[in-house]
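Okay, so here's the structure we're looking at.
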Amino acid sequence: MNHNAGVKRTNPQWMNGWKQSPFIRFFLYALIALVSYMSLVDHVVPKTYDIQPNTVSAVTIVAPKQIKDEIGTEKAREEAAQKVAPVNRAVSVHADELVQDLFDKLEFAVTDSEMKFEEKVSYYRSVIPRVYEEHADSLVTAVEPGEDNDKLTEEMRKQLSEQQYTFSEEGLYKLPRLTADDLAAMEPVTRDIVSRLMVEGNTDISAVRMKVTGMVNSSPLTKNTQRELVQELAKFSLLPNRFYDAAATEKARIAARESTEPVYIERGDVLIRKGEPINQALYERLEKAGLLHKQKNYRPAFGLAIFVLLSTLLLLVQVKRSTKGSAAPNVQLLMLTILFVLTAAGLRLVALGQNLEYPMVGYLAPVAMGVLLTVILIDSRIALALSIVFGFLSAIVFSTEPDQLFDFRFGFVALVSCLTAVYSFARVGNRAAILKSGLVISAFACIAVASLALMEGNYDRLAYSVVYAFSSGIITAILVFGLIPFFETAFGILSPLKLVELSNPNHPLLRKLLTETPGTYHHSIMVGNLSEAAAEAIGADGLLCRVGSYYHDMGKTKRPSYFIENQMNMENPHDEIDPGLSMSIITAHPRDGVEMLLDYNIPKAIRDIAEQHHGTTLLKFFYYKALKQQGENPERPVTEADYRYPGPKAQSREAAIVGIADCVEAAVRSLKSPTIEQIDNMVRKIVKDRMDDGQFDECDLTIRELDTISRALKEALLGIFHSRIEYPADLPKRGSDSPPGTAGAEPPVPSAAEPKGGA
């Protein structure tokens, strides 16, 4: 036997519609790709406009993202450079040496007795300027040569020349009349005045020279000639000692330009309004921003298309793996598409509030919402792939740097939040867990934000970032609370949360089952344990099987005494009535159960299990009982069709598994002292009889899966069965006195006692 072959079945029409249509599947993936592209296109490919200068704008143009204003930035930098004060370099001019040289020359002429008066005047007229020039040349040449100093020495030469003091002609005629004693008295006074006035840095020495007269008048000199000449000599010896350094000034201005923060046009700022004239300045601003049609670049759009294709391919592969064998893969894909669109819309909505004042508001986005809903409603493996995609989307959508495509900070925090949503909800199954998961998401998002701040060493906006990140998890929980009922209603699905709520023993129907039919209640609990183990063994929905088992025999509460597990210390009513009537009562319990479940608004998936768990199996005990009675009265024809459940056959793996577990639990309980071999044979016989009877033709169970189910049931049964009436081998064929076997859905009992009616 080929264990990989599927069980022969004929799918109903609804399974061949849009839920499995390849075209619908392609359309949904294309929609996901389109939403991704449209969410990112204005961050990657700026919109361009076909406009010309000196015209009127036909549209209002707003910045599609934060754009560096090149013109505004250059203007701000130029203003900053202009505000830089000229840099003056201090130079030691050694004015005391100049004073010393001047008095040496004066002393030389005074002590030369052979030099006539006119010769001394002529000597002073030539030697005094020459002393200044020689001293100035020595100052300039003392500066180290170099590219940066060339302009400085040039400026020094210029200022020393322009600010040179012109010795008065009157003073030149008074100098020859000085004596050596006069010079001896004048020199220390002149040196003191010059030294005191040269302490501070001076670029313009003319203002300093005005202080000389007052200082001379307060000196100890008594002769008018001495005072007058000391004034002239001091003023002559005063030099500028700070000079404009063009190279240093330019460096300072360059530093000011570079330190000036760029000017940005915020996303959403109006660049030009409709009807506004487009002057050259506006045109250049648009050109610098890359918004002119002539600058359109298609390479970013092509790159974005590849990026979106890879992201969609990641989801496609994961969805294909997760929905393999599903009867309606497009239903899950449609839910995933809606969740993707909602999350992408949330990212864009939060991004609208992001600007220079609130650059960290991206942490507020409930990016984990779609992932958490995917975990609850679809599959955690798909949620993992979705987490990666949303991490990339967040990194692009919330990037605040104009020259930076990805902002790893937002991508990292989004990825941490999404992965936390996956793993924090992996083993939880109640609605309170959503809030707990939201708090866990908030906590880990805050930790991620703090780690980034510590690595960057930037704590300016840490408080805001932490508040945003924490709020994101709370908002995520609130949105998930609100959206789950919509998806449960719109898609007719059962989330794990809803299933856990329905499994609460305090549910009115389960309380009714316990109080009115305790035997059926205990049987349903056992079937739930068995079916869950079998479902998990083949990757089916174990929780749905368990909860469906709790409600599958709810119809027995309508006539509890007609089912053997509820017959305690009482006669079996089936012993006194016609087998046809017994058949009607027994086969009515699936229909009765569905009606009760409808009254309590129990979801369709559980109603389907209650309706389909017997399929169209044969009630063999009553069928053979009717055959036996017919033998006594051959005028009453009996057919198998009259003694079969009305169906339908199991339409899902879960309904089929509950049906198998239902029959197996009753059969094994009937064994008085079962062995492992007896249990194994019983389970395999029941599964084989149902397969031969065509009960699995309309569900997605393969022979290999049936074998796995048999092994799982056998292992689970060893620990949970209790003593029950032992089933005989096979009932006799028509006309025989011995009872038939257990083939079919309703295992018979060795007397006229009613079979349990739902085994």
Side-chain angles (χ1 to χ4, degrees), residues 90-140 142 156-243:
V91 177
S92 180
V93 295
H94 305 289
D96 55 337
E97 294 180 5
L98 177 58
V99 173
Q100 182 66 47
D101 289 344
L102 285 174
F103 275 93
D104 287 344
K105 300 300 182 184
L106 294 176
E107 187 179 356
F108 173 75
V110 167
T111 58
D112 190 350
S113 58
E114 296 181 358
M115 189 177 296
K116 296 180 180 180
F117 182 85
E118 291 297 335
E119 291 177 345
K120 289 182 179 181
V121 172
S122 178
Y123 172 74
Y124 291 142
R125 184 179 287 115
S126 63
V127 76
I128 290 176
R130 188 170 68 248
V131 170
Y132 183 90
E133 292 171 1
E134 290 175 353
H135 187 76
D137 286 340
S138 66
L139 293 178
V140 172
M156 288 177 62
R157 196 179 300 279
K158 176 184 176 184
Q159 294 299 325
L160 289 171
S161 175
E162 290 179 354
Q163 298 191 50
Q164 180 180 351
Y165 183 77
T166 303
F167 210 91
S168 67
E169 190 69 20
E170 183 182 356
L172 292 176
Y173 279 93
K174 290 182 179 180
L175 285 174
R177 297 188 178 94
L178 295 175
T179 63
D181 292 336
D182 291 333
L183 292 177
M186 292 166 56
E187 182 176 0
V189 175
T190 305
R191 190 188 303 276
D192 178 64
I193 292 173
V194 171
S195 298
R196 288 162 61 186
L197 292 176
M198 292 296 293
V199 170
E200 297 181 359
N202 303 292
T203 56
D204 184 3
I205 207 66
S206 59
V208 180
R209 286 171 178 158
M210 295 175 65
K211 301 177 182 179
V212 172
T213 302
M215 297 177 71
V216 171
N217 291 336
S218 62
S219 69
L221 297 176
T222 58
K223 296 181 179 180
N224 289 335
T225 302
Q226 291 177 343
R227 291 182 177 182
E228 292 175 4
L229 291 176
V230 166
Q231 288 184 44
E232 291 294 305
L233 290 170
K235 291 179 180 179
F236 186 84
S237 301
L238 291 172
L239 307 172
N241 58 357
R242 293 183 69 86
F243 301 94

Write down the atom of Val110, the atom of Thr179, and the distance for their closest heavy-atom approach.
-> CG1-C, 3.8 Å
From Tyr123 atom OH to Leu175 atom CG, the distance as rounded to the nearest 0.5 Å = 11.5 Å
Lys235 and Thr213, any side-chain heavy atoms less than 4.5 Å apart | yes
Going through the distances and angles, do Arg177 and Thr225 end up as a side-chain contact (heavy atoms from CB on, under 4.5 Å)?
-> CA-CA 9 Å; Arg177 297 188 178 94; Thr225 302; 5.9 Å; no
Got a sec, which residues hit side-chain contact (heavy atoms from CB on, under 4.5 Å) with Ser122, two or more places apart in sequence or on another chain?
-> none
Of all residues at least two apart in sequence or in a different chain, which pass the side-chain contact (heavy atoms from CB on, under 4.5 Å) check with Glu97?
-> His94, His135
Can you measure from OG1 (Thr190) to CD (Gln231) and round to the nearest 0.5 angstrom?
-> 10.0 Å
Scan side-chain atoms only and decide if Gln100 and Asp96 contain a donor-acceptor pair under the 3.5 Å cut-off.
-> no
Non-hydrogen atoms of Phe236 and Leu98 that approach each other most closely | O-CD2, 4.0 Å
Might you point out which heavy atoms bring Ala234 and Ile193 nearest each other, and give the distance in Å?
-> CB-CG2, 4.3 Å
Between Tyr165 and Leu238, is any pair of side-chain heavy atoms under 4.5 Å apart?
-> no
In terms of heavy-atom contacts, Thr166 and Glu232 come closest through O-OE1, 4.4 Å
What are the two closest heavy atoms between Gln164 and Arg209, and how far apart are they?
-> C-NH2, 4.2 Å
Dump the intermediate steps for side-chain contact (heavy atoms from CB on, under 4.5 Å) on Leu102 and Ser237, then the final yes or no.
-> CA-CA 9 Å; Leu102 285 174; Ser237 301; 3.4 Å; yes
Can you name the closest pair of heavy atoms from Pro176 and Tyr124 and give their distance?
-> N-CE1, 3.7 Å
Asp137 and Arg157, any side-chain heavy atoms less than 4.5 Å apart | yes
Only distances under 3.5 Å count here; give the side-chain donor-acceptor pairs of residues 197-208 to other protein atoms, sequence neighbours excluded, each with its distance to 0.1 Å.
residue, atom, partner, partner atom, Å
Asn202, ND2, Glu200, O, 2.9
Asp204, OD1, Ser206, N, 3.3
Asp204, OD1, Ser206, OG, 2.8
Asp204, OD2, Ser206, OG, 3.4

Keeping to residues at least two apart or across chains, list the salt bridge (Lys or Arg N to Asp or Glu O under 4.0 Å) pairs with something in residues 106-128.
-> Arg125-Glu169
Scan residues 182-199 for pairs that pass salt bridge (Lys or Arg N to Asp or Glu O under 4.0 Å), counting only residues two or more places apart or in two chains.
-> Asp182-Lys223, Glu187-Arg191, Asp192-Arg196
Sequence neighbours excluded, which residues qualify as side chain to side chain donor-acceptor pair (under 3.5 Å) partners of Gln159?
-> Glu155, Gln163
Residue pair Gln226, Val189: steps toward the side-chain contact (heavy atoms from CB on, under 4.5 Å) verdict | CA-CA 10 Å; Gln226 291 177 343; Val189 175; over 6 Å; no
Between Leu172 and Phe167, does a side-chain contact (heavy atoms from CB on, under 4.5 Å) hold up when you go through it step by step?
-> CA-CA 7 Å; Leu172 292 176; Phe167 210 91; 3.8 Å; yes
